[in-house]
Protein chains: 2
Amino acid sequence: MTTEQLDTREASLWQDLMAFSTLMPAAIEEELRRDAGLSLFEFSVLALLARSPERTETMSRVAESTHVSASRLSHAAARLEERGLIERTACPTDRRSVFAVLTDAGLEKLEVSLPIHTAGIRRVVLDALDDADRDHLARILATLLRHDRIGGEACATDEA
Amino acid sequence: MTTEQLDTREASLWQDLMAFSTLMPAAIEEELRRDAGLSLFEFSVLALLARSPERTETMSRVAESTHVSASRLSHAAARLEERGLIERTACPTDRRSVFAVLTDAGLEKLEVSLPIHTAGIRRVVLDALDDADRDHLARILATLLRHDRIGGEACATDEA
DNA sequence: GCGCATTAGTTGACAGTTCAAGTGTTGCCG
DNA sequence: CGGCAACACTTGAACTGTCAACTAATGCGC
(Lines give C-alpha, C1' and ligand atoms only; values in the text may rest on other atoms or scores of the structure.)
Protein backbone atom coordinates (compact mmCIF):
# COMPACT_ATOMS: atom_id res chain seq x y z
CA MET A 1 0.00 0.00 0.00
CA THR A 2 2.16 2.80 -1.34
CA THR A 3 1.52 6.07 0.41
CA GLU A 4 4.18 7.98 -1.46
CA GLN A 5 3.06 11.45 -2.52
CA LEU A 6 1.80 11.90 -6.05
CA ASP A 7 4.23 13.65 -8.36
CA THR A 8 3.18 16.55 -10.55
CA ARG A 9 2.06 14.45 -13.51
CA GLU A 10 0.11 12.06 -11.32
CA ALA A 11 -1.59 14.88 -9.44
CA SER A 12 -2.56 16.58 -12.65
CA LEU A 13 -3.95 13.36 -14.10
CA TRP A 14 -6.01 12.92 -10.96
CA GLN A 15 -7.26 16.50 -11.09
CA ASP A 16 -8.40 16.11 -14.67
CA LEU A 17 -9.99 12.78 -13.95
CA MET A 18 -12.02 14.28 -11.12
CA ALA A 19 -12.95 17.34 -13.14
CA PHE A 20 -14.13 15.17 -15.98
CA SER A 21 -16.08 12.77 -13.75
CA THR A 22 -17.87 15.76 -12.27
CA LEU A 23 -18.41 17.97 -15.29
CA MET A 24 -19.23 15.44 -17.97
CA PRO A 25 -22.30 13.84 -16.37
CA ALA A 26 -23.48 17.27 -15.24
CA ALA A 27 -23.21 18.65 -18.75
CA ILE A 28 -25.21 15.79 -20.21
CA GLU A 29 -27.76 15.70 -17.43
CA GLU A 30 -28.54 19.40 -17.68
CA GLU A 31 -30.31 19.31 -21.02
CA LEU A 32 -31.97 16.01 -20.23
CA ARG A 33 -33.37 17.41 -17.03
CA ARG A 34 -34.51 20.67 -18.58
CA ASP A 35 -36.05 19.27 -21.76
CA ALA A 36 -37.31 15.91 -20.55
CA GLY A 37 -37.54 16.15 -16.77
CA LEU A 38 -35.32 13.14 -16.24
CA SER A 39 -32.11 12.76 -14.30
CA LEU A 40 -29.34 10.81 -15.98
CA PHE A 41 -29.94 7.98 -13.57
CA GLU A 42 -33.67 7.89 -14.26
CA PHE A 43 -32.94 7.91 -17.96
CA SER A 44 -30.56 4.98 -17.54
CA VAL A 45 -33.21 2.98 -15.74
CA LEU A 46 -35.79 3.56 -18.46
CA ALA A 47 -33.24 2.84 -21.19
CA LEU A 48 -32.19 -0.37 -19.51
CA LEU A 49 -35.76 -1.60 -19.21
CA ALA A 50 -36.45 -0.71 -22.84
CA ARG A 51 -33.59 -2.98 -23.93
CA SER A 52 -34.81 -5.87 -21.77
CA PRO A 53 -37.12 -8.67 -22.90
CA GLU A 54 -40.71 -7.79 -21.98
CA ARG A 55 -39.34 -4.37 -20.96
CA THR A 56 -38.80 -6.07 -17.63
CA GLU A 57 -35.93 -6.59 -15.24
CA THR A 58 -35.63 -7.39 -11.57
CA MET A 59 -34.80 -4.51 -9.26
CA SER A 60 -31.48 -6.07 -8.32
CA ARG A 61 -30.39 -6.38 -11.92
CA VAL A 62 -31.31 -2.78 -12.58
CA ALA A 63 -29.37 -1.67 -9.51
CA GLU A 64 -26.38 -3.73 -10.55
CA SER A 65 -26.38 -2.51 -14.15
CA THR A 66 -26.63 1.13 -13.14
CA HIS A 67 -24.12 0.76 -10.30
CA VAL A 68 -26.37 2.12 -7.56
CA SER A 69 -27.49 0.83 -4.18
CA ALA A 70 -30.72 -1.11 -3.77
CA SER A 71 -32.02 1.66 -1.58
CA ARG A 72 -31.36 4.40 -4.05
CA LEU A 73 -33.05 2.43 -6.80
CA SER A 74 -36.00 1.64 -4.58
CA HIS A 75 -36.65 5.32 -3.86
CA ALA A 76 -36.13 6.29 -7.49
CA ALA A 77 -38.42 3.50 -8.66
CA ALA A 78 -41.13 4.74 -6.31
CA ARG A 79 -40.91 8.16 -7.95
CA LEU A 80 -40.86 6.75 -11.47
CA GLU A 81 -43.81 4.57 -10.62
CA GLU A 82 -45.71 7.53 -9.22
CA ARG A 83 -45.09 9.31 -12.50
CA GLY A 84 -46.46 6.29 -14.35
CA LEU A 85 -43.21 5.60 -16.22
CA ILE A 86 -42.61 2.18 -14.72
CA GLU A 87 -44.59 -0.37 -12.76
CA ARG A 88 -43.46 -2.85 -10.17
CA THR A 89 -44.91 -6.33 -10.18
CA ALA A 90 -44.23 -9.48 -8.22
CA CYS A 91 -41.83 -12.03 -9.65
CA PRO A 92 -43.64 -15.39 -9.81
CA THR A 93 -40.59 -17.65 -9.56
CA ASP A 94 -38.74 -15.90 -6.73
CA ARG A 95 -41.04 -14.00 -4.46
CA ARG A 96 -38.22 -11.98 -2.97
CA SER A 97 -37.63 -10.35 -6.33
CA VAL A 98 -39.62 -7.50 -7.82
CA PHE A 99 -39.96 -6.83 -11.52
CA ALA A 100 -39.63 -3.30 -12.80
CA VAL A 101 -41.58 -2.93 -16.03
CA LEU A 102 -41.43 -0.03 -18.47
CA THR A 103 -44.94 1.27 -19.15
CA ASP A 104 -46.10 2.65 -22.49
CA ALA A 105 -45.86 6.13 -21.03
CA GLY A 106 -42.32 5.31 -19.92
CA LEU A 107 -41.41 4.16 -23.42
CA GLU A 108 -42.81 7.35 -24.89
CA LYS A 109 -40.89 9.45 -22.42
CA LEU A 110 -37.77 7.53 -23.32
CA GLU A 111 -38.31 8.04 -27.03
CA VAL A 112 -38.62 11.77 -26.49
CA SER A 113 -35.47 11.95 -24.37
CA LEU A 114 -33.30 9.62 -26.43
CA PRO A 115 -32.30 12.16 -29.10
CA ILE A 116 -31.52 14.75 -26.42
CA HIS A 117 -29.34 12.28 -24.62
CA THR A 118 -27.59 11.10 -27.77
CA ALA A 119 -26.91 14.64 -28.92
CA GLY A 120 -25.47 15.41 -25.50
CA ILE A 121 -23.06 12.51 -25.63
CA ARG A 122 -21.91 13.49 -29.09
CA ARG A 123 -21.50 17.12 -28.15
CA VAL A 124 -19.70 16.56 -24.87
CA VAL A 125 -17.65 13.47 -25.59
CA LEU A 126 -17.65 11.92 -29.03
CA ASP A 127 -17.24 15.06 -31.12
CA ALA A 128 -14.01 15.89 -29.33
CA LEU A 129 -12.36 12.56 -30.08
CA ASP A 130 -11.07 11.02 -33.29
CA ASP A 131 -11.12 7.27 -33.88
CA ALA A 132 -7.68 6.69 -32.43
CA ASP A 133 -8.57 8.57 -29.25
CA ARG A 134 -11.80 6.63 -28.90
CA ASP A 135 -9.94 3.36 -29.19
CA HIS A 136 -7.33 4.40 -26.66
CA LEU A 137 -9.96 5.61 -24.25
CA ALA A 138 -12.04 2.47 -24.62
CA ARG A 139 -9.01 0.30 -23.93
CA ILE A 140 -7.95 2.34 -20.92
CA LEU A 141 -11.43 2.32 -19.42
CA ALA A 142 -11.67 -1.42 -19.92
CA THR A 143 -8.39 -1.79 -18.05
CA LEU A 144 -9.53 0.42 -15.21
CA LEU A 145 -12.91 -1.26 -14.87
CA ARG A 146 -11.45 -4.76 -15.06
CA HIS A 147 -8.90 -3.83 -12.39
CA ASP A 148 -10.40 -5.46 -9.29
CA ARG A 149 -10.19 -2.51 -6.90
CA ILE A 150 -13.08 -0.50 -8.24
CA GLY A 151 -16.32 -1.89 -6.93
CA GLY A 152 -15.59 -3.30 -3.51
CA GLU A 153 -15.05 -6.90 -4.61
CA ALA A 154 -16.68 -7.94 -7.85
CA CYS A 155 -16.10 -6.25 -11.16
CA ALA A 156 -18.14 -4.45 -13.80
CA THR A 157 -18.90 -5.25 -17.44
CA ASP A 158 -19.96 -8.84 -17.14
CA GLU A 159 -22.18 -9.80 -20.02
CA ALA A 160 -23.79 -12.77 -18.35
CA MET B 1 -26.76 18.76 -33.72
CA THR B 2 -26.49 15.15 -34.85
CA THR B 3 -29.19 12.98 -33.35
CA GLU B 4 -28.12 9.82 -35.10
CA GLN B 5 -28.20 6.77 -32.85
CA LEU B 6 -24.97 5.67 -31.26
CA ASP B 7 -23.42 2.59 -32.84
CA THR B 8 -22.24 -0.35 -30.75
CA ARG B 9 -18.75 0.97 -30.14
CA GLU B 10 -19.98 4.41 -29.21
CA ALA B 11 -22.61 3.05 -26.86
CA SER B 12 -20.09 0.83 -25.15
CA LEU B 13 -17.64 3.70 -24.76
CA TRP B 14 -20.39 5.75 -23.20
CA GLN B 15 -21.37 2.92 -20.86
CA ASP B 16 -17.82 2.50 -19.64
CA LEU B 17 -17.36 6.21 -19.25
CA MET B 18 -20.46 6.43 -17.06
CA ALA B 19 -19.52 3.37 -15.06
CA PHE B 20 -16.07 4.76 -14.43
CA SER B 21 -17.31 8.24 -13.52
CA THR B 22 -19.62 6.66 -10.97
CA LEU B 23 -17.50 3.89 -9.54
CA MET B 24 -14.10 5.53 -9.38
CA PRO B 25 -14.98 8.47 -7.10
CA ALA B 26 -17.14 6.16 -4.98
CA ALA B 27 -14.28 3.72 -4.53
CA ILE B 28 -11.90 6.45 -3.43
CA GLU B 29 -14.42 8.24 -1.26
CA GLU B 30 -15.37 5.12 0.66
CA GLU B 31 -12.12 4.71 2.57
CA LEU B 32 -11.74 8.44 3.03
CA ARG B 33 -15.18 8.66 4.56
CA ARG B 34 -14.75 5.64 6.77
CA ASP B 35 -11.24 6.37 8.05
CA ALA B 36 -11.25 10.17 8.07
CA GLY B 37 -14.89 11.23 8.05
CA LEU B 38 -14.47 13.35 4.95
CA SER B 39 -16.28 13.28 1.65
CA LEU B 40 -14.14 13.56 -1.45
CA PHE B 41 -15.46 17.06 -1.97
CA GLU B 42 -14.68 18.12 1.57
CA PHE B 43 -11.22 16.69 1.19
CA SER B 44 -10.71 18.66 -2.02
CA VAL B 45 -11.66 21.87 -0.28
CA LEU B 46 -9.21 21.32 2.55
CA ALA B 47 -6.48 20.26 0.13
CA LEU B 48 -7.01 23.32 -2.01
CA LEU B 49 -6.79 25.66 0.96
CA ALA B 50 -3.64 23.92 2.18
CA ARG B 51 -1.97 24.67 -1.15
CA SER B 52 -2.99 28.32 -1.08
CA PRO B 53 -0.92 31.19 0.33
CA GLU B 54 -1.98 31.86 3.92
CA ARG B 55 -4.12 28.71 3.61
CA THR B 56 -6.70 31.12 2.30
CA GLU B 57 -8.87 31.42 -0.79
CA THR B 58 -12.09 33.23 -1.60
CA MET B 59 -15.24 31.13 -1.69
CA SER B 60 -15.70 31.75 -5.39
CA ARG B 61 -12.24 30.52 -6.23
CA VAL B 62 -12.79 27.40 -4.16
CA ALA B 63 -16.09 26.78 -5.88
CA GLU B 64 -14.54 27.29 -9.29
CA SER B 65 -11.55 25.05 -8.60
CA THR B 66 -13.70 22.24 -7.30
CA HIS B 67 -16.34 22.66 -10.00
CA VAL B 68 -19.31 23.07 -7.68
CA SER B 69 -22.03 25.67 -7.31
CA ALA B 70 -21.67 28.57 -4.90
CA SER B 71 -24.62 27.24 -2.97
CA ARG B 72 -23.20 23.78 -2.52
CA LEU B 73 -19.91 25.19 -1.34
CA SER B 74 -21.66 27.56 1.03
CA HIS B 75 -23.55 24.73 2.73
CA ALA B 76 -20.47 22.52 2.84
CA ALA B 77 -18.37 25.37 4.22
CA ALA B 78 -20.90 25.90 6.99
CA ARG B 79 -20.51 22.26 7.97
CA LEU B 80 -16.71 22.37 7.78
CA GLU B 81 -16.70 25.54 9.83
CA GLU B 82 -18.95 23.97 12.43
CA ARG B 83 -16.45 21.12 12.68
CA GLY B 84 -13.66 23.65 13.17
CA LEU B 85 -11.77 22.63 10.04
CA ILE B 86 -12.06 25.97 8.28
CA GLU B 87 -13.00 29.51 9.19
CA ARG B 88 -14.66 32.19 7.12
CA THR B 89 -13.44 35.75 7.40
CA ALA B 90 -14.25 38.97 5.59
CA CYS B 91 -12.11 39.98 2.63
CA PRO B 92 -10.80 43.50 3.29
CA THR B 93 -10.38 44.59 -0.33
CA ASP B 94 -13.67 43.35 -1.78
CA ARG B 95 -16.34 43.21 0.83
CA ARG B 96 -18.55 40.95 -1.25
CA SER B 97 -15.96 38.21 -1.03
CA VAL B 98 -15.45 35.84 1.85
CA PHE B 99 -12.18 34.16 2.65
CA ALA B 100 -12.15 30.51 3.56
CA VAL B 101 -9.17 29.74 5.79
CA LEU B 102 -7.85 26.34 6.75
CA THR B 103 -7.52 26.08 10.53
CA ASP B 104 -4.80 24.16 12.34
CA ALA B 105 -7.33 21.45 13.08
CA GLY B 106 -8.19 21.40 9.37
CA LEU B 107 -4.57 20.99 8.43
CA GLU B 108 -4.18 18.16 10.91
CA LYS B 109 -7.26 16.45 9.54
CA LEU B 110 -5.88 16.87 6.04
CA GLU B 111 -2.55 15.39 7.03
CA VAL B 112 -4.27 12.35 8.44
CA SER B 113 -6.39 11.85 5.35
CA LEU B 114 -3.76 12.57 2.73
CA PRO B 115 -2.10 9.14 2.79
CA ILE B 116 -5.51 7.44 2.66
CA HIS B 117 -6.46 9.51 -0.33
CA THR B 118 -3.17 8.98 -2.11
CA ALA B 119 -3.26 5.26 -1.53
CA GLY B 120 -6.77 5.19 -2.94
CA ILE B 121 -5.80 6.97 -6.12
CA ARG B 122 -2.89 4.61 -6.63
CA ARG B 123 -4.96 1.55 -5.94
CA VAL B 124 -7.94 2.50 -8.08
CA VAL B 125 -6.32 4.37 -10.94
CA LEU B 126 -2.58 4.66 -11.17
CA ASP B 127 -1.62 1.07 -10.41
CA ALA B 128 -3.70 -0.13 -13.34
CA LEU B 129 -1.96 2.06 -15.90
CA ASP B 130 1.53 2.01 -17.36
CA ASP B 131 3.30 5.19 -18.44
CA ALA B 132 1.98 5.07 -22.00
CA ASP B 133 -1.59 4.67 -20.79
CA ARG B 134 -1.19 7.54 -18.38
CA ASP B 135 0.08 9.80 -21.14
CA HIS B 136 -2.73 8.82 -23.47
CA LEU B 137 -5.32 9.34 -20.79
CA ALA B 138 -3.89 12.70 -19.77
CA ARG B 139 -3.94 13.88 -23.36
CA ILE B 140 -7.48 12.67 -23.97
CA LEU B 141 -8.78 14.27 -20.78
CA ALA B 142 -7.10 17.53 -21.71
CA THR B 143 -8.85 17.40 -25.06
CA LEU B 144 -12.22 16.69 -23.50
CA LEU B 145 -11.87 19.38 -20.84
CA ARG B 146 -10.63 21.97 -23.31
CA HIS B 147 -13.53 21.19 -25.63
CA ASP B 148 -15.93 24.08 -24.94
CA ARG B 149 -19.11 22.11 -24.38
CA ILE B 150 -18.40 20.81 -20.93
CA GLY B 151 -19.01 23.55 -18.39
CA GLY B 152 -21.84 25.61 -19.78
CA GLU B 153 -19.70 28.32 -21.40
CA ALA B 154 -16.25 28.82 -19.98
CA CYS B 155 -13.64 26.11 -19.72
CA ALA B 156 -11.68 24.33 -17.02
CA THR B 157 -7.95 24.18 -16.29
CA ASP B 158 -7.07 27.85 -16.49
CA GLU B 159 -3.96 28.62 -14.49
CA ALA B 160 -4.63 32.32 -14.05
C1' DG C 1 -22.04 60.56 -8.37
C1' DC C 2 -26.49 58.09 -9.84
C1' DG C 3 -28.57 54.13 -11.42
C1' DC C 4 -28.25 49.60 -12.84
C1' DA C 5 -26.25 45.33 -14.31
C1' DT C 6 -22.98 42.16 -12.40
C1' DT C 7 -20.65 39.70 -8.94
C1' DA C 8 -20.18 37.28 -4.26
C1' DG C 9 -22.24 34.93 -1.12
C1' DT C 10 -26.09 33.13 1.86
C1' DT C 11 -30.49 31.16 2.97
C1' DG C 12 -34.56 28.09 3.27
C1' DA C 13 -37.53 24.96 1.17
C1' DC C 14 -37.43 21.00 -1.35
C1' DA C 15 -35.62 16.87 -3.81
C1' DG C 16 -32.59 13.13 -3.82
C1' DT C 17 -29.17 10.05 -1.38
C1' DT C 18 -27.36 7.37 2.27
C1' DC C 19 -27.50 4.66 6.24
C1' DA C 20 -29.27 1.47 9.42
C1' DA C 21 -32.96 -1.22 10.53
C1' DG C 22 -36.73 -3.93 9.10
C1' DT C 23 -39.78 -7.60 6.36
C1' DG C 24 -40.35 -11.59 3.97
C1' DT C 25 -38.17 -15.44 1.02
C1' DT C 26 -35.08 -18.76 -0.33
C1' DG C 27 -31.08 -21.90 -0.10
C1' DC C 28 -28.90 -25.10 2.42
C1' DC C 29 -26.49 -27.68 6.12
C1' DG C 30 -27.03 -31.19 9.17
C1' DC D 1 -37.53 -31.03 7.71
C1' DG D 2 -35.84 -27.41 11.12
C1' DG D 3 -33.11 -23.67 11.72
C1' DC D 4 -30.23 -20.12 10.12
C1' DA D 5 -27.55 -17.43 6.95
C1' DA D 6 -27.93 -14.97 2.78
C1' DC D 7 -30.66 -12.51 -0.41
C1' DA D 8 -34.15 -9.09 -2.41
C1' DC D 9 -36.26 -5.35 -1.37
C1' DT D 10 -38.43 -1.44 1.41
C1' DT D 11 -38.71 2.11 4.83
C1' DG D 12 -37.83 6.37 7.52
C1' DA D 13 -34.61 9.49 9.39
C1' DA D 14 -30.62 12.08 8.76
C1' DC D 15 -27.87 14.18 5.58
C1' DT D 16 -26.47 16.49 1.30
C1' DG D 17 -27.36 18.92 -2.87
C1' DT D 18 -30.29 21.97 -5.79
C1' DC D 19 -33.08 25.73 -6.93
C1' DA D 20 -34.87 30.20 -6.61
C1' DA D 21 -35.01 34.14 -3.95
C1' DC D 22 -32.51 37.24 -1.36
C1' DT D 23 -28.79 40.75 0.59
C1' DA D 24 -25.04 43.39 -0.14
C1' DA D 25 -21.04 45.32 -2.58
C1' DT D 26 -18.82 46.67 -6.80
C1' DG D 27 -18.04 48.33 -11.53
C1' DC D 28 -19.43 51.17 -15.03
C1' DG D 29 -21.82 54.12 -18.37
C1' DC D 30 -23.04 58.58 -18.77
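Per chain, numbering begins at 1; letters A, B, ... match sequence-line order. Keep in mind the model is a prediction, meaning the values are calculated, not measured.
Comparing dG17(D), dG9(C), dT26(D) by their nearest atom to the side chain of Met59(B) picks out dG9(C). Across dT16(D), dT10(C), dC9(D), the shortest atom-to-atom separation from the side chain of Val98(B) is found for dT10(C). Considering only the side chain of Ser60(A), dA8(D) comes nearest among dA8(D), dG9(C), dT26(D).
Residue Leu40(A) contributes atom CG, which lies 14 Å from atom P of dT18(D) at whole-angstrom precision. Remark: P of dC15(D) and CG of Leu80(B) are 15 Å apart, rounded to the nearest angstrom. In this structure, CZ of Arg88(A) is placed 5 Å from P of dT10(D), rounded to the nearest angstrom. One can place CD of Glu29(B) at 12 Å from C1' of dT17(C), the figure rounded to the nearest angstrom. Between the CZ atom of Phe41(B) and the P atom of dT17(C) there is a distance of 18 Å, rounded to whole Å. We find that CZ of Arg33(B) is positioned 12 Å from C1' of dA14(D), with the value rounded to whole Å. For the pair His67(A) NE2 and dT17(C) C1', the computed distance is 18 Å after rounding to whole Å. The CZ-P distance, from Arg79(A) to dA15(C), rounds to 10 Å in whole Å.
Remark: the Arg96(B) side chain and the dT7(C) base include a donor-acceptor N/O pair separated by less than 3.5 Å. The base of dG12(D) is paired with the side chain of His75(A) by a donor and an acceptor separated by under 3.5 Å. No hydrogens or angles were tested; on distance alone, nothing pairs the side chain of Ser71(A) with the base of dT10(D) as donor and acceptor under 3.5 Å. For Ser69(A) and dC19(C), a side-chain-to-base donor-acceptor distance below 3.5 Å is absent, hydrogens and geometry of angles not being considered. In terms of polar N and O atoms assigned as donor or acceptor, the side chain of Ser74(A) never comes within less than 3.5 Å of the base of dC9(D) in a complementary pairing.
A salt bridge links Glu42(A) with Arg83(A): the closest approach of a Lys/Arg side-chain nitrogen to an acidic carboxylate oxygen falls below 4.0 angstrom. A salt bridge links Arg55(A) with Asp104(A): the closest approach of a Lys/Arg side-chain nitrogen to an acidic carboxylate oxygen falls below 4.0 angstrom.
In this structure, Arg88(A) CZ and Ser74(A) OG are separated by 5.0 Å, a value rounded to the nearest 0.5 Å.
Dashed line: the shortest gap from a side-chain N or O of Arg61(A) to OP1 or OP2 of dA8(D) is not under 4.0 Å.
Within 4.0 Å of Thr58(B), counting heavy atoms only, lie sugar-phosphate atoms of the nucleic acid but no base atom.
For the pair Thr93(A) and Ser97(B), nearest-nucleotide mapping onto DNA chain C gives the more 5' position to Ser97(B). Taking the nucleotide of DNA chain C with the nearest heavy atom to each of Pro92(A) and Glu42(A), the more 5' of the two is matched to Glu42(A).
Within 6.0 Å of the CD atom in Glu29(A), the count of heavy atoms belonging to other residues, nucleotides or ligands exceeds 12.
For Thr22(A) (side chain) and Met18(A) (main-chain N/O), a donor-acceptor pair under 3.5 Å exists by modelled atom type.
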